[in-house]
2 protein chains.
Amino acid sequence: MDAVKILEIKQSVFANNDAQADALRRELKRKGIYLLNLMSSPGSGKTTTLTRLIESLKDDLQIGVMEADIDSDVDAKTIAATGARAIQLHTGGMCHLDAAMTRQGLEGLETEGLELVILENVGNLVCPAEFDTGAVKNAMILSVPEGHDKPLKYPLMFQVCDTVIINKIDVMPYFDFDLEKCSEYIHMRNPNARIFPISARTGQGVEALSAWLKEEVNAWKGDNL
Amino acid sequence: MDAVKILEIKQSVFANNDAQADALRRELKRKGIYLLNLMSSPGSGKTTTLTRLIESLKDDLQIGVMEADIDSDVDAKTIAATGARAIQLHTGGMCHLDAAMTRQGLEGLETEGLELVILENVGNLVCPAEFDTGAVKNAMILSVPEGHDKPLKYPLMFQVCDTVIINKIDVMPYFDFDLEKCSEYIHMRNPNARIFPISARTGQGVEALSAWLKEEVNAWKGDNL
């Protein structure tokens with residue numbers, strides 16, 4: 001497997017992250033690039049979900065992926081093997097990405113020709129929720145083994161996410177996970193949140209998710225004309 | 001169920017957390033109180049593991065539990081139902097606890113007569129690893145569905161933990177989890193780490209864990225004499 005580009009991300013010097021995020025979003029709009037900020041706990045299946053999404057979308061969209069990780073480049077290597085343009089962002093122990101760090105990542109990735117860029121944020125339900133990265137939409141993955149009560153315990157994360165992917169539904173029979181209750185708790189935090197139950201392992205539900213994402217990207221580019 | 005005391009934790013004003021942590025540890029030593037800092041991802045089963053541990057130890061030890069949570073008091077209520085002294089610490093969105101915050105929690109809990117206090121830290125594999133809470137030992141729970149590669153991705157967490165509890169081993173058949181590889185990765189980060197595979201749901205392996213903790217507490221108090 002080819003070596004993956006690794007970028008050491010530096011902490012932002014900008015005080016006003018919200019302004020930086022808005023500026024980045026406007027720039028992405030001009031360029032017709034849709035940036036999705038994907039967040040989750042460690043081990044929820046972000047990389048496997050991404051691999052499935054890329055497989056499903058790569059004939060229709062030019063896709064890039066930025067893998068934020070404290071250390072290691074295993075995830076970026078997995079993604080690069082799908083044929084998508086991939087870069088590993090090393091955060092040097094930092095617990096989140098802000099807009100300026102995301103911009104560094106996009107420059108390192110080289111977005112020329114890309115239509116969809118997915119930022120795989122640091123595995124953490126707390127800190128990443130506090131920083132606008134400049135993404136068009138925030139999405140998060142909650143996996144069945146984590147339990148249906150997570151929206152009660154990590155309110156901000158569920159509040160800032162427009163889309164919640166419920167992963168690992170193939171193991172639902174082995175866990176006390178109440179999908180109906182979970183959806184109710186998610187909508188307490190964000191009444192407009194879209195919920196996609198999937199199994200990244202078996203592929204179940206991935207089609208609906210990728211159809212939604214494709215629509216999102218096309219709408220974002222279409223508004224451009 | 002009785003109402004559980006909820007404490008709003010304030011951010012520390014002390015610059016030197018390490019000195020504060022050492023001072024707290026010395027004070028706990030004088031009082032013969034063993035403080036265990038328990039960390040993990042969201043949904044790894046901290047509260048269920050604690051419930052099992054308390055059931056197993058409550059005839060031998062006076063136990064207190066501090067539940068750090070961004071919001072909600074569901075965990076502290078569950079713990080209080082076991083008969084252990086419990087307090088809920090609200091961190092107001094903060095992603096970790098430091099020594100001064102832990103001290104506030106201990107004062108709120110009222111440690112008079114307690115021999116073992118367990119701090120259930122914020123569900124997060126990144127930030128809590130960076131702050132010494134003043135605990136005698138750090139322990140963490142990694143659950144099977146999270147994957148055996150987590151020590152590669154969250155190096156500092158596994159480096160600072162003396163004990164790693166591998167939870168949810170009852171669902172091992174449904175996940176690609178390699179216990180041998182996981183142990184190897186854990187020992188790459190901390191060669192002295194003790195590993196306890198358990199299922200908090202079925203109770204498997206909990207006895208060995210509670211025997212170890214009882215020994216720890218008695219050694220800490222015994223050195224006192």
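Scope of the values below: all heavy atoms of this structure, side chains included, with no hydrogens, waters or symmetry mates. Values in this document were obtained by computation on a predicted structure and should not be read as measured data.
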What are the two closest heavy atoms between A:Cys95 and B:Val126, and how far apart are they? CB-CG1, 3.6 Å
Heavy-atom closest contact (A:Cys161 atom, A:Met39 atom, distance): SG-CE, 3.7 Å
Any side-chain heavy atom of [X] within less than 4.5 Å of one from [Y]?
X: B:Ile63; Y: B:Val117; answer: no
X: A:Glu110; Y: A:Arg85; answer: yes
X: A:Asn167; Y: A:Thr48; answer: no

My understanding is that only residues two or more places apart in sequence, or in another chain, count here; which of them pass salt bridge (Lys or Arg N to Asp or Glu O under 4.0 Å) with A:Asp178? none
Residue set satisfying salt bridge (Lys or Arg N to Asp or Glu O under 4.0 Å) with A:Lys58, at least two apart, ordered chain then number -> A:Glu55
Contacts with chain A made by residues 133-150 of chain B (heavy-atom distance under 4.5 Å), listed by residue number: B:Pro145, B:Glu146, B:Lys150
Which residues, numbered in order, of residues 192-212 of chain B come under 4.5 angstrom of chain A by heavy-atom distance? B:Arg201
For chain B, the option from A:Ala129, A:Pro42, A:Ser41 that forms the most heavy-atom pairs under 4.5 Å: A:Pro42
Salt bridge flag under 4.0 Å for residues B:Lys153 and A:Asp75: yes
Could you measure the distance from the CG atom of A:Asn190 to the CD1 atom of A:Ile186? Nearest 0.5 Å is fine. 9.5 Å
Starting at OG1 of A:Thr82, measure out to CG of A:Leu57 and round the result to the nearest 0.5 Å. 11.0 Å
